[in-house]
Amino acid sequence: MDPRHLTARRVGRVICIRSNPACLMRSIVVRWDDDDDEEELEEIEFGPLKD
């Protein structure tokens, strides 16, 4: 689910997790089910990932 729009119930699939070695922050690439777009979200937008 899209953490920025909890009421919209936008659902997608994570297709890639990227790490930035300079700042130690990760990002995820999501393919949204409703319009088949891909979007990259920074870890600060969705919270920390559990390893």
Side-chain angles (χ1 to χ4, degrees):
M1 279 177 40
D2 192 341
R4 301 165 298 169
H5 307 285
L6 295 177
T7 58
R9 302 265 185 209
R10 190 174 187 201
V11 178
R13 181 179 307 259
V14 175
I15 57 174
C16 182
I17 299 174
R18 298 182 180 146
S19 295
N20 184 340
C23 66
L24 302 176
M25 187 170 292
R26 294 180 280 192
S27 61
I28 60 171
V29 178
V30 179
R31 179 172 292 144
W32 299 111
D33 293 343
D34 58 352
D35 56 9
D36 209 31
D37 278 345
E38 289 183 10
E39 184 176 9
E40 186 170 342
L41 300 173
E42 298 293 326
E43 190 170 20
I44 195 130
E45 293 182 80
F46 58 83
L49 293 171
K50 293 182 182 179
D51 292 337

Note to self: Suppose clustering is done on Ile, Leu, Val, Met, Phe, Trp and Tyr with side-chain heavy atoms closer than 4.5 Å. Which residues sit in the same group as V29?
What the structure shows: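 Joined to V29, directly or through intermediates: I15.
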Margin query: Restricting to non-hydrogen atoms, name the atom on L41 and the atom on W32 that form the minimum distance, rounded to 0.1 Å.
Written below: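 Residues L41 and W32, closest heavy atoms: CD1-CZ2, 4.3 Å.
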Next item on the list: List the atom of R26, the atom of I17, and the distance in Å for their closest heavy-atom pair.
Entry: CD-CG2, 4.3 Å
Item checked: Under the side-chain hydrogen bond (donor to acceptor under 3.5 Å, both in side chains) test, residues paired with E42 that sit two or more places apart -> none
Note to self: If the condition is side-chain contact (heavy atoms from CB on, under 4.5 Å), which residues does N20 pass it with, not counting sequence neighbours?
What the structure shows: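 Expected list: A22, C23.
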Item checked: CZ-SG distance between R31 and C16, expressed to the nearest 0.5 angstrom ->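 R31 atom CZ to C16 atom SG measures 11.0 Å (nearest 0.5 Å).
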